[in-house]
Amino acid sequence: MKIEISLFAGLAERLGTSRISLNCSESSLTVERLKKLLSDTYPDASPLISAAMAAVNQEYAAADCPIRETDEIALIPPVSGG
């Protein structure tokens, strides 16, 4: 399964791109598992990945939300400021 993920704010800055692809051999994937795989792949960004909110098909998704290859995935890290 190939998952396309859009990245925002500090997460995009940390990885130097606003879009990444993840090739996953797992047949079933959840938001929580996706974030774990991404944290393993990008250990320097792991704190931002684990704190990020996930959106699946433009709706915030819980950790147990299933992900299909055709889903639109985004990770939005927490932001600060006023």
Which pairs would a plain distance check flag for residues 30-37, meaning a side-chain donor or acceptor within less than 3.5 Å of a matching protein atom at least two apart in sequence or in another chain?
unit_1 : atom_1 : unit_2 : atom_2 : d
T30    : OG1    : R33    : N      : 3.2
R33    : NE     : E26    : OE1    : 3.2
R33    : NE     : E26    : OE2    : 2.9
R33    : NH2    : E26    : OE2    : 2.8
K35    : NZ     : S50    : O      : 3.2
K35    : NZ     : A52    : O      : 2.7
K36    : NZ     : D40    : OD1    : 2.8
K36    : NZ     : D40    : OD2    : 3.2

Calculate, to the nearest 0.5 Å, the distance between atoms SG and CD1 belonging to C24 and I67 respectively.
9.0 Å
Roughly how far, to the nearest 0.5 Å, is CG of L7 from CG of L48?
10.5 Å
Looking only at heavy atoms, which two atoms of G10 and P77 are closest? And how far apart?
N-CG, 4.0 Å
From CD1 (I3) to OG1 (T70), nearest 0.5 Å:
8.5 Å
Distance (rounded to the nearest 0.5 Å) between M1 CE and L29 CG
5.0 Å
CG of L75 to CD1 of I5, rounded to nearest 0.5 Å, is 6.5 Å
Side chains of I49 and Y42: closer than 4.5 Å at any heavy-atom pair?
yes
Hey, is the main chain of E72 close enough, under 3.5 Å, to the side chain of N57 for a donor-acceptor pair?
yes
Name the atoms and distances for all side-chain donor-acceptor pairs under 3.5 Å in residues 14-22, with sequence neighbours left out.
unit_1 : atom_1 : unit_2 : atom_2 : d
R14    : NH1    : D44    : O      : 2.6
T17    : OG1    : R19    : N      : 3.3
T17    : OG1    : R19    : O      : 3.1
R19    : NH1    : S6     : OG     : 2.8
S21    : OG     : E4     : OE1    : 2.9
S21    : OG     : E4     : OE2    : 2.7

